[in-house]
There are 2 protein chains.
Amino acid sequence: MKIFSLSGFEKFPISVSDNVLVKQSVKVLRFNKNDTITHQGEVCSDIYFMRTGLVKLSYSTLEGKEFIKSFIRDGEMFGSLYSHLTGGGSTFSIVALEDIEVEVMPFSILQGLIEKYPALQQFALSFFQQLALKKEIREYEFLCLSAQERYEKFCQKNPEIVERIKQADLALYLGVTPIALSRMKHRQ
Amino acid sequence: MKIFSLSGFEKFPISVSDNVLVKQSVKVLRFNKNDTITHQGEVCSDIYFMRTGLVKLSYSTLEGKEFIKSFIRDGEMFGSLYSHLTGGGSTFSIVALEDIEVEVMPFSILQGLIEKYPALQQFALSFFQQLALKKEIREYEFLCLSAQERYEKFCQKNPEIVERIKQADLALYLGVTPIALSRMKHRQ
DNA sequence: TCATTAAATTAACCTCGGTTAATTATCTTT
DNA sequence: AAAGATAATTAACCGAGGTTAATTTAATGA
(Lines give C-alpha, C1' and ligand atoms only; values in the text may rest on other atoms or scores of the structure.)
Protein backbone atom coordinates (compact mmCIF):
# COMPACT_ATOMS: atom_id res chain seq x y z
CA MET A 1 0.00 0.00 0.00
CA LYS A 2 1.73 3.15 -1.21
CA ILE A 3 0.85 6.21 0.84
CA PHE A 4 2.29 8.68 -1.61
CA SER A 5 4.71 8.72 -4.48
CA LEU A 6 7.92 10.59 -3.91
CA SER A 7 8.67 13.47 -6.24
CA GLY A 8 11.31 15.12 -4.08
CA PHE A 9 11.99 15.58 -0.39
CA GLU A 10 9.95 18.75 -0.17
CA LYS A 11 6.84 16.75 -1.06
CA PHE A 12 6.81 14.66 2.11
CA PRO A 13 3.39 14.62 3.81
CA ILE A 14 4.51 16.50 6.92
CA SER A 15 3.59 19.62 8.86
CA VAL A 16 4.31 23.10 7.49
CA SER A 17 6.96 23.75 10.13
CA ASP A 18 8.74 20.46 9.41
CA ASN A 19 8.52 21.26 5.73
CA VAL A 20 10.45 24.43 6.46
CA LEU A 21 13.04 22.29 8.26
CA VAL A 22 13.31 20.03 5.22
CA LYS A 23 13.63 22.99 2.86
CA GLN A 24 16.50 24.27 5.00
CA SER A 25 18.21 20.88 5.09
CA VAL A 26 17.85 19.96 1.45
CA LYS A 27 20.48 21.11 -1.00
CA VAL A 28 19.94 20.91 -4.72
CA LEU A 29 23.18 20.03 -6.47
CA ARG A 30 24.18 19.76 -10.10
CA PHE A 31 26.97 17.58 -11.43
CA ASN A 32 28.40 17.09 -14.86
CA LYS A 33 28.59 13.81 -16.71
CA ASN A 34 31.51 11.71 -15.39
CA ASP A 35 31.69 13.60 -12.08
CA THR A 36 32.06 11.45 -8.98
CA ILE A 37 29.38 12.43 -6.47
CA THR A 38 30.80 10.36 -3.60
CA HIS A 39 33.94 8.25 -3.46
CA GLN A 40 34.14 4.66 -2.27
CA GLY A 41 35.42 4.64 1.30
CA GLU A 42 34.02 8.04 2.27
CA VAL A 43 31.34 8.12 4.95
CA CYS A 44 28.10 8.97 3.18
CA SER A 45 25.60 10.27 5.71
CA ASP A 46 23.29 11.75 3.10
CA ILE A 47 20.24 10.53 1.27
CA TYR A 48 19.74 11.52 -2.38
CA PHE A 49 16.76 12.11 -4.60
CA MET A 50 17.55 12.12 -8.31
CA ARG A 51 15.63 14.91 -10.05
CA THR A 52 17.07 14.48 -13.51
CA GLY A 53 19.80 12.34 -15.03
CA LEU A 54 21.35 8.97 -14.38
CA VAL A 55 24.12 7.71 -12.07
CA LYS A 56 25.90 4.42 -11.48
CA LEU A 57 26.80 2.96 -8.07
CA SER A 58 30.04 1.09 -8.59
CA TYR A 59 32.61 -0.98 -6.74
CA SER A 60 36.33 -0.70 -7.44
CA THR A 61 38.38 -3.75 -6.49
CA LEU A 62 41.95 -3.86 -5.22
CA GLU A 63 43.11 -5.16 -8.62
CA GLY A 64 41.70 -2.05 -10.27
CA LYS A 65 38.59 -3.67 -11.68
CA GLU A 66 35.20 -2.00 -11.62
CA PHE A 67 31.78 -3.57 -11.13
CA ILE A 68 28.43 -1.83 -11.17
CA LYS A 69 25.94 -2.40 -8.38
CA SER A 70 23.08 -0.46 -9.91
CA PHE A 71 21.89 2.37 -12.08
CA ILE A 72 19.74 5.07 -10.49
CA ARG A 73 17.56 7.20 -12.72
CA ASP A 74 15.38 10.31 -12.39
CA GLY A 75 12.69 9.96 -9.74
CA GLU A 76 14.60 7.43 -7.65
CA MET A 77 16.06 7.75 -4.15
CA PHE A 78 19.47 6.39 -3.16
CA GLY A 79 22.19 6.39 -0.53
CA SER A 80 24.65 4.05 1.14
CA LEU A 81 22.69 1.65 3.32
CA TYR A 82 25.93 0.28 4.72
CA SER A 83 27.23 3.72 5.64
CA HIS A 84 23.86 4.59 7.14
CA LEU A 85 23.60 1.46 9.28
CA THR A 86 27.21 1.14 10.40
CA GLY A 87 28.62 4.64 10.17
CA GLY A 88 31.47 3.23 8.11
CA GLY A 89 32.67 4.40 4.71
CA SER A 90 30.51 3.65 1.70
CA THR A 91 31.41 0.44 -0.09
CA PHE A 92 30.81 2.01 -3.50
CA SER A 93 31.22 5.21 -5.51
CA ILE A 94 28.49 7.24 -7.15
CA VAL A 95 29.30 8.53 -10.63
CA ALA A 96 27.16 10.66 -12.94
CA LEU A 97 26.49 9.08 -16.34
CA GLU A 98 24.70 12.23 -17.51
CA ASP A 99 24.52 15.80 -16.29
CA ILE A 100 22.41 15.45 -13.17
CA GLU A 101 20.41 17.41 -10.65
CA VAL A 102 19.97 15.84 -7.22
CA GLU A 103 18.41 16.77 -3.88
CA VAL A 104 20.63 15.94 -0.90
CA MET A 105 19.53 15.67 2.73
CA PRO A 106 21.30 14.32 5.83
CA PHE A 107 20.11 10.85 6.84
CA SER A 108 19.67 12.14 10.38
CA ILE A 109 16.97 14.61 9.32
CA LEU A 110 15.03 11.92 7.49
CA GLN A 111 15.44 9.63 10.49
CA GLY A 112 13.86 12.24 12.75
CA LEU A 113 10.92 12.71 10.41
CA ILE A 114 10.37 8.98 10.10
CA GLU A 115 10.12 8.66 13.86
CA LYS A 116 7.55 11.45 13.93
CA TYR A 117 5.26 10.60 10.99
CA PRO A 118 3.55 7.22 10.61
CA ALA A 119 3.08 7.83 6.87
CA LEU A 120 6.83 8.27 6.49
CA GLN A 121 7.40 5.19 8.61
CA GLN A 122 5.21 3.23 6.24
CA PHE A 123 7.08 4.77 3.31
CA ALA A 124 10.46 3.80 4.76
CA LEU A 125 9.29 0.25 5.48
CA SER A 126 7.94 -0.10 1.96
CA PHE A 127 11.15 1.38 0.50
CA PHE A 128 13.36 -1.15 2.24
CA GLN A 129 11.02 -4.04 1.45
CA GLN A 130 11.21 -3.10 -2.22
CA LEU A 131 14.99 -2.69 -2.02
CA ALA A 132 15.34 -6.11 -0.40
CA LEU A 133 13.08 -7.63 -3.06
CA LYS A 134 15.12 -6.02 -5.87
CA LYS A 135 18.33 -7.40 -4.43
CA GLU A 136 16.75 -10.84 -3.98
CA ILE A 137 15.83 -10.78 -7.65
CA ARG A 138 19.41 -9.87 -8.53
CA GLU A 139 20.62 -12.73 -6.31
CA TYR A 140 18.29 -15.05 -8.23
CA GLU A 141 19.68 -13.82 -11.55
CA PHE A 142 23.31 -14.37 -10.52
CA LEU A 143 22.49 -17.84 -9.18
CA CYS A 144 20.15 -19.20 -11.82
CA LEU A 145 20.77 -17.29 -15.07
CA SER A 146 23.70 -17.23 -17.48
CA ALA A 147 25.34 -13.92 -18.41
CA GLN A 148 23.53 -14.14 -21.75
CA GLU A 149 20.17 -14.58 -20.03
CA ARG A 150 20.88 -11.73 -17.62
CA TYR A 151 21.69 -9.54 -20.61
CA GLU A 152 18.50 -10.39 -22.46
CA LYS A 153 16.37 -9.89 -19.36
CA PHE A 154 17.95 -6.52 -18.60
CA CYS A 155 17.37 -5.24 -22.14
CA GLN A 156 13.78 -6.43 -21.99
CA LYS A 157 13.04 -4.85 -18.59
CA ASN A 158 15.08 -1.64 -19.03
CA PRO A 159 15.13 -0.64 -22.70
CA GLU A 160 15.37 3.08 -21.83
CA ILE A 161 18.35 2.59 -19.54
CA VAL A 162 20.15 0.53 -22.20
CA GLU A 163 19.82 3.50 -24.55
CA ARG A 164 21.39 5.85 -22.04
CA ILE A 165 24.43 3.86 -20.89
CA LYS A 166 27.63 2.66 -22.49
CA GLN A 167 27.71 -1.01 -23.41
CA ALA A 168 30.81 -1.37 -21.24
CA ASP A 169 28.86 -0.19 -18.17
CA LEU A 170 26.09 -2.66 -18.90
CA ALA A 171 28.71 -5.43 -18.99
CA LEU A 172 30.10 -4.38 -15.61
CA TYR A 173 26.55 -4.44 -14.23
CA LEU A 174 26.02 -7.95 -15.58
CA GLY A 175 29.28 -9.12 -14.00
CA VAL A 176 31.24 -9.77 -17.21
CA THR A 177 33.88 -7.88 -19.18
CA PRO A 178 32.85 -5.50 -21.98
CA ILE A 179 34.58 -7.91 -24.38
CA ALA A 180 32.44 -10.81 -23.20
CA LEU A 181 29.26 -8.77 -23.67
CA SER A 182 30.29 -7.81 -27.19
CA ARG A 183 30.85 -11.49 -27.98
CA MET A 184 27.49 -12.45 -26.50
CA LYS A 185 25.65 -9.87 -28.62
CA HIS A 186 27.15 -11.21 -31.84
CA ARG A 187 26.71 -14.85 -31.00
CA GLN A 188 24.25 -16.25 -33.55
CA MET B 1 19.14 0.60 17.35
CA LYS B 2 17.68 -2.77 18.28
CA ILE B 3 14.53 -2.48 20.36
CA PHE B 4 14.46 -6.11 21.38
CA SER B 5 15.89 -9.37 20.20
CA LEU B 6 13.42 -11.86 18.84
CA SER B 7 13.29 -15.22 20.57
CA GLY B 8 9.93 -16.29 19.17
CA PHE B 9 6.68 -14.61 18.18
CA GLU B 10 5.22 -14.88 21.67
CA LYS B 11 7.96 -12.58 22.95
CA PHE B 12 6.80 -9.52 21.01
CA PRO B 13 6.53 -6.40 23.22
CA ILE B 14 2.74 -6.10 22.92
CA SER B 15 -0.30 -5.95 25.17
CA VAL B 16 -1.53 -8.99 27.10
CA SER B 17 -4.66 -9.26 24.97
CA ASP B 18 -2.69 -9.08 21.73
CA ASN B 19 -0.30 -11.66 23.13
CA VAL B 20 -3.28 -13.96 23.51
CA LEU B 21 -4.10 -13.28 19.85
CA VAL B 22 -0.57 -14.18 18.87
CA LYS B 23 -0.61 -17.35 20.95
CA GLN B 24 -3.81 -18.38 19.17
CA SER B 25 -2.37 -17.61 15.73
CA VAL B 26 1.03 -19.19 16.16
CA LYS B 27 1.43 -22.86 15.40
CA VAL B 28 4.53 -24.76 16.43
CA LEU B 29 5.44 -27.31 13.79
CA ARG B 30 8.05 -30.03 13.62
CA PHE B 31 9.55 -31.38 10.41
CA ASN B 32 12.03 -34.14 9.72
CA LYS B 33 15.32 -33.70 7.91
CA ASN B 34 14.74 -33.53 4.13
CA ASP B 35 11.06 -32.55 4.50
CA THR B 36 9.89 -29.74 2.24
CA ILE B 37 8.18 -27.09 4.35
CA THR B 38 6.83 -25.09 1.39
CA HIS B 39 7.07 -25.79 -2.31
CA GLN B 40 8.24 -23.34 -4.95
CA GLY B 41 5.17 -21.85 -6.66
CA GLU B 42 2.84 -22.15 -3.68
CA VAL B 43 1.52 -18.95 -2.14
CA CYS B 44 3.27 -18.57 1.20
CA SER B 45 1.30 -16.18 3.39
CA ASP B 46 3.07 -17.20 6.59
CA ILE B 47 6.03 -15.90 8.50
CA TYR B 48 8.35 -18.37 10.23
CA PHE B 49 10.53 -18.28 13.30
CA MET B 50 13.11 -21.07 13.48
CA ARG B 51 13.31 -22.45 17.02
CA THR B 52 15.79 -25.23 16.36
CA GLY B 53 17.42 -26.71 13.28
CA LEU B 54 18.47 -25.49 9.87
CA VAL B 55 16.69 -25.03 6.52
CA LYS B 56 17.67 -24.03 3.01
CA LEU B 57 15.71 -21.71 0.72
CA SER B 58 16.29 -23.00 -2.80
CA TYR B 59 15.39 -22.31 -6.41
CA SER B 60 14.69 -25.09 -8.90
CA THR B 61 15.21 -24.16 -12.54
CA LEU B 62 13.31 -25.43 -15.56
CA GLU B 63 16.31 -27.55 -16.55
CA GLY B 64 16.12 -29.34 -13.21
CA LYS B 65 19.03 -27.55 -11.59
CA GLU B 66 18.96 -26.37 -8.00
CA PHE B 67 20.48 -23.21 -6.49
CA ILE B 68 20.42 -22.15 -2.87
CA LYS B 69 19.33 -18.65 -1.92
CA SER B 70 20.16 -18.89 1.77
CA PHE B 71 20.47 -20.99 4.88
CA ILE B 72 18.29 -20.12 7.87
CA ARG B 73 19.36 -21.29 11.30
CA ASP B 74 17.90 -21.39 14.80
CA GLY B 75 16.85 -17.97 16.08
CA GLU B 76 16.20 -16.50 12.62
CA MET B 77 12.96 -15.37 11.01
CA PHE B 78 12.04 -16.09 7.39
CA GLY B 79 9.29 -16.05 4.81
CA SER B 80 8.71 -15.27 1.14
CA LEU B 81 9.02 -11.52 0.67
CA TYR B 82 7.84 -11.87 -2.92
CA SER B 83 4.77 -13.83 -1.91
CA HIS B 84 4.08 -11.33 0.85
CA LEU B 85 4.37 -8.26 -1.35
CA THR B 86 2.68 -9.54 -4.51
CA GLY B 87 0.40 -12.32 -3.32
CA GLY B 88 2.00 -14.57 -5.94
CA GLY B 89 3.53 -17.98 -5.41
CA SER B 90 6.85 -18.19 -3.65
CA THR B 91 9.85 -18.19 -5.98
CA PHE B 92 11.68 -20.76 -3.84
CA SER B 93 11.19 -23.89 -1.74
CA ILE B 94 12.00 -24.33 1.93
CA VAL B 95 13.65 -27.64 2.83
CA ALA B 96 14.74 -28.89 6.25
CA LEU B 97 18.44 -29.80 6.47
CA GLU B 98 17.97 -31.09 10.02
CA ASP B 99 14.98 -32.05 12.13
CA ILE B 100 13.44 -28.67 12.86
CA GLU B 101 10.95 -26.94 15.09
CA VAL B 102 9.39 -23.72 13.75
CA GLU B 103 6.78 -21.21 14.82
CA VAL B 104 4.37 -20.25 12.04
CA MET B 105 2.11 -17.20 11.96
CA PRO B 106 0.05 -15.62 9.14
CA PHE B 107 1.67 -12.52 7.66
CA SER B 108 -1.65 -10.71 8.08
CA ILE B 109 -1.52 -11.04 11.88
CA LEU B 110 1.99 -9.65 12.02
CA GLN B 111 0.95 -6.85 9.66
CA GLY B 112 -1.84 -5.85 12.03
CA LEU B 113 0.49 -5.80 15.02
CA ILE B 114 3.08 -3.76 13.16
CA GLU B 115 0.48 -1.11 12.39
CA LYS B 116 -0.47 -0.97 16.07
CA TYR B 117 2.91 -1.00 17.85
CA PRO B 118 5.69 1.51 17.10
CA ALA B 119 8.28 -0.87 18.61
CA LEU B 120 7.24 -3.54 16.13
CA GLN B 121 7.28 -1.01 13.34
CA GLN B 122 10.86 -0.18 14.24
CA PHE B 123 11.62 -3.88 14.40
CA ALA B 124 10.15 -4.49 10.95
CA LEU B 125 12.03 -1.53 9.48
CA SER B 126 15.27 -2.76 10.99
CA PHE B 127 14.58 -6.31 9.78
CA PHE B 128 14.14 -5.25 6.17
CA GLN B 129 17.11 -2.88 6.31
CA GLN B 130 19.27 -5.75 7.50
CA LEU B 131 17.81 -8.07 4.86
CA ALA B 132 18.51 -5.52 2.12
CA LEU B 133 22.06 -5.07 3.43
CA LYS B 134 22.66 -8.84 3.47
CA LYS B 135 21.47 -9.14 -0.10
CA GLU B 136 23.62 -6.16 -1.15
CA ILE B 137 26.63 -7.91 0.35
CA ARG B 138 25.73 -11.05 -1.61
CA GLU B 139 25.41 -8.91 -4.75
CA TYR B 140 28.89 -7.54 -4.05
CA GLU B 141 30.27 -11.06 -3.67
CA PHE B 142 28.81 -12.28 -6.95
CA LEU B 143 30.06 -9.18 -8.76
CA CYS B 144 33.53 -8.76 -7.29
CA LEU B 145 34.69 -12.10 -5.92
CA SER B 146 35.65 -15.38 -7.60
CA ALA B 147 33.94 -18.62 -6.58
CA GLN B 148 37.10 -19.52 -4.66
CA GLU B 149 37.00 -16.23 -2.75
CA ARG B 150 33.28 -16.60 -2.02
CA TYR B 151 34.01 -20.08 -0.65
CA GLU B 152 36.82 -18.90 1.62
CA LYS B 153 34.77 -15.97 2.90
CA PHE B 154 31.76 -18.15 3.65
CA CYS B 155 33.85 -20.65 5.61
CA GLN B 156 35.44 -17.83 7.55
CA LYS B 157 32.16 -16.10 8.39
CA ASN B 158 30.02 -19.21 8.96
CA PRO B 159 32.17 -22.02 10.30
CA GLU B 160 29.26 -23.55 12.26
CA ILE B 161 26.98 -23.64 9.21
CA VAL B 162 29.69 -25.30 7.12
CA GLU B 163 29.83 -28.08 9.72
CA ARG B 164 26.10 -28.66 9.47
CA ILE B 165 25.53 -28.74 5.71
CA LYS B 166 26.56 -31.01 2.87
CA GLN B 167 29.39 -29.74 0.73
CA ALA B 168 27.10 -30.04 -2.30
CA ASP B 169 24.63 -27.59 -0.74
CA LEU B 170 27.42 -25.13 -0.03
CA ALA B 171 28.38 -25.33 -3.71
CA LEU B 172 24.81 -24.59 -4.81
CA TYR B 173 24.81 -21.59 -2.46
CA LEU B 174 28.06 -20.32 -3.96
CA GLY B 175 26.66 -20.68 -7.47
CA VAL B 176 28.92 -23.49 -8.69
CA THR B 177 28.55 -27.26 -9.10
CA PRO B 178 29.54 -29.60 -6.26
CA ILE B 179 32.30 -30.89 -8.54
CA ALA B 180 33.74 -27.42 -9.01
CA LEU B 181 33.76 -26.85 -5.24
CA SER B 182 35.55 -30.15 -4.65
CA ARG B 183 38.18 -29.11 -7.20
CA MET B 184 38.58 -25.70 -5.59
CA LYS B 185 39.16 -27.22 -2.16
CA HIS B 186 41.98 -29.43 -3.43
CA ARG B 187 43.61 -26.81 -5.59
CA GLN B 188 47.11 -26.23 -4.21
C1' DT C 1 29.47 -56.52 10.57
C1' DC C 2 28.24 -56.49 6.07
C1' DA C 3 25.48 -54.48 2.53
C1' DT C 4 23.45 -50.63 0.48
C1' DT C 5 23.07 -46.00 -0.44
C1' DA C 6 24.69 -41.43 -0.46
C1' DA C 7 28.52 -38.12 -0.74
C1' DA C 8 32.81 -36.68 -2.32
C1' DT C 9 36.65 -37.08 -5.37
C1' DT C 10 39.00 -37.60 -9.72
C1' DA C 11 39.59 -37.77 -14.80
C1' DA C 12 38.65 -36.45 -19.64
C1' DC C 13 36.60 -33.41 -22.52
C1' DC C 14 34.41 -29.09 -23.84
C1' DT C 15 32.46 -24.37 -23.48
C1' DC C 16 32.40 -19.85 -21.84
C1' DG C 17 34.51 -15.98 -20.28
C1' DG C 18 39.11 -13.47 -18.96
C1' DT C 19 43.34 -11.36 -20.97
C1' DT C 20 46.18 -8.94 -24.18
C1' DA C 21 46.50 -6.65 -28.18
C1' DA C 22 45.24 -5.08 -32.65
C1' DT C 23 41.60 -3.20 -35.51
C1' DT C 24 37.53 -0.85 -36.70
C1' DA C 25 33.63 2.37 -35.58
C1' DT C 26 31.86 6.14 -33.42
C1' DC C 27 32.05 10.58 -31.08
C1' DT C 28 34.09 15.07 -30.17
C1' DT C 29 36.27 19.12 -31.03
C1' DT C 30 38.47 22.44 -33.41
C1' DA D 1 36.15 17.98 -42.86
C1' DA D 2 40.16 16.27 -40.51
C1' DA D 3 42.33 14.78 -36.15
C1' DG D 4 42.22 12.83 -31.82
C1' DA D 5 39.97 10.42 -28.35
C1' DT D 6 36.69 7.07 -26.90
C1' DA D 7 33.96 2.93 -27.65
C1' DA D 8 33.18 -1.36 -29.68
C1' DT D 9 34.65 -5.35 -32.16
C1' DT D 10 37.58 -9.20 -33.34
C1' DA D 11 41.35 -12.61 -32.81
C1' DA D 12 44.41 -15.77 -30.28
C1' DC D 13 45.42 -17.86 -26.18
C1' DC D 14 44.53 -19.52 -21.52
C1' DG D 15 42.19 -21.04 -17.34
C1' DA D 16 38.05 -21.83 -14.53
C1' DG D 17 34.10 -24.22 -14.35
C1' DG D 18 30.32 -27.37 -16.59
C1' DT D 19 29.35 -32.26 -18.01
C1' DT D 20 29.53 -37.17 -17.96
C1' DA D 21 31.13 -41.01 -15.95
C1' DA D 22 33.99 -43.83 -13.09
C1' DT D 23 36.02 -44.40 -8.52
C1' DT D 24 36.70 -43.85 -3.79
C1' DT D 25 35.08 -42.57 0.76
C1' DA D 26 31.71 -42.01 4.22
C1' DA D 27 27.27 -42.75 6.27
C1' DT D 28 23.27 -45.59 7.17
C1' DG D 29 20.49 -49.68 8.22
C1' DA D 30 19.19 -54.31 8.58
Side-chain angles (χ1 to χ4, degrees), chain A residues 32-36 54 56 58-68 71 95-99 140-155 159 161-188, chain B residues 32-36 53-54 56 58-68 71 95-99 139-155 159 161-188:
Chain A
N32 295 319
K33 182 171 175 173
N34 296 324
D35 282 355
T36 298
L54 184 66
K56 63 178 173 185
S58 64
Y59 298 113
S60 296
T61 71
L62 293 172
E63 304 93 42
K65 291 182 196 164
E66 180 191 356
F67 290 101
I68 296 179
F71 301 104
V95 179
L97 299 179
E98 300 172 351
D99 293 349
Y140 165 81
E141 291 168 352
F142 277 122
L143 274 175
C144 300
L145 304 184
S146 66
Q148 173 101 41
E149 289 168 322
R150 293 200 297 276
Y151 167 64
E152 285 160 6
K153 192 173 172 192
F154 186 88
C155 291
I161 299 291
V162 175
E163 296 292 313
R164 291 162 71 179
I165 63 179
K166 286 187 299 189
Q167 186 174 307
D169 274 342
L170 176 50
L172 300 182
Y173 175 82
L174 298 173
V176 297
T177 60
I179 295 162
L181 177 53
S182 173
R183 272 193 297 232
M184 271 164 41
K185 275 181 61 175
H186 300 92
R187 212 142 60 191
Q188 89 316 15
Chain B
N32 295 318
K33 182 172 175 171
N34 296 324
D35 282 355
T36 297
L54 184 66
K56 64 178 173 185
S58 65
Y59 298 112
S60 295
T61 70
L62 294 172
E63 303 94 40
K65 291 182 197 166
E66 181 192 355
F67 291 102
I68 296 179
F71 301 104
V95 178
L97 299 180
E98 300 172 352
D99 293 349
E139 173 185 64
Y140 165 81
E141 291 168 351
F142 277 121
L143 274 174
C144 300
L145 304 183
S146 67
Q148 173 100 41
E149 290 169 322
R150 293 200 297 277
Y151 167 65
E152 284 160 7
K153 191 172 173 193
F154 186 88
C155 291
I161 299 291
V162 175
E163 296 292 311
R164 292 161 70 180
I165 64 179
K166 286 188 299 189
Q167 185 174 305
D169 275 342
L170 176 50
L172 301 182
Y173 174 82
L174 297 173
V176 297
T177 60
I179 295 163
L181 177 54
S182 173
R183 273 193 295 232
M184 271 164 43
K185 275 180 62 174
H186 300 91
R187 211 142 60 193
Q188 88 312 21

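Per chain, numbering begins at 1; letters A, B, ... match sequence-line order.
- In this structure, A:Leu172 places its CG atom 12 Å from P of D:dA7, rounding to the nearest Å.
- Distance, B:His186 NE2 to D:dT25 C1': 11 Å, rounded to whole Å.
- B:Lys166 has its NZ atom 12 Å from the C1' atom of C:dT5, to the nearest Å.
- Checking C:dT9, D:dG18, D:dA12 against every side-chain atom of A:Arg183, the shortest atom distance belongs to D:dA12.
- Nearest heavy-atom pair, B:Leu97 versus B:Asp169, reported as atom, atom and distance to 0.1 Å: CD2-OD2, 3.6 Å.
- Of the residues listed (A:Val162, A:Leu174, A:Leu145), the one engaging A:Tyr151 in a side-chain contact (heavy atoms from CB on, under 4.5 Å) is A:Leu174, and it is the only one.
- Paired with B:Glu98 under the rule salt bridge (Lys or Arg N to Asp or Glu O under 4.0 Å), one option of B:Lys166, B:Lys33, B:Arg164 passes, and it is B:Arg164.
- Residue B:Gln167 contributes atom CD, which lies 11 Å from atom P of C:dT10 at whole-angstrom precision.
- Contact check, A:Thr177 against C:dG18: a side-chain N or O comes under 4.0 Å of OP1 or OP2.
- For the OP1/OP2 pair of C:dA8 and a distance below 4.0 Å, the side-chain nitrogens and oxygens of B:Ser182 include no atom meeting the criterion.
- Taking atom OH on A:Tyr151 and atom P on C:dG17, their separation rounds to 13 Å, with Å as the unit.
- Remark: A:Lys185 is in phosphate contact with D:dT9, judged by side-chain N or O atoms under 4.0 Å from OP1 or OP2.
- The distance from atom CE of B:Met184 to atom CD1 of B:Ile179, rounded to the nearest 0.5 Å, is 13.5 Å.
- Counting only heavy atoms from C-beta on, B:Ile179 has its side chain closest to C:dA11 among C:dA11, C:dT19, D:dT10.
- Between B:Glu66 atom CD and C:dA7 atom C1' the separation is 15 Å, expressed in whole Å.
- Listed nucleotides: C:dA7, D:dG17, C:dT10. Nearest to the side chain of B:Ala147: D:dG17.
- Taking the six-membered ring where tryptophan is involved, the planes of B:Tyr173 and B:Phe71 are tilted, since the angle between them lies from 30° to 60°.
- For D:dG17, its base never sits under 3.5 Å from the side chain of B:Arg187 at any donor and acceptor pair.
- Heavy-atom nearest nucleotides on DNA chain D were determined for B:Gly175 and for B:Lys33, and the one closer to the 5' end corresponds to B:Gly175.
- Look at A:Lys65 and you'll find a side-chain N or O under 4.0 angstrom from OP1 or OP2 of C:dT19.
- One atom, CG of B:Leu181, and another, P of C:dT10, lie 13 Å apart when rounded to the nearest Å.
- Remark: A:Gln148 is not in phosphate contact with C:dG17, judged by side-chain N or O atoms under 4.0 Å from OP1 or OP2.
- Between the CG atom of A:Asn34 and the P atom of C:dT28 there is a distance of 11 Å, given to the nearest Å.
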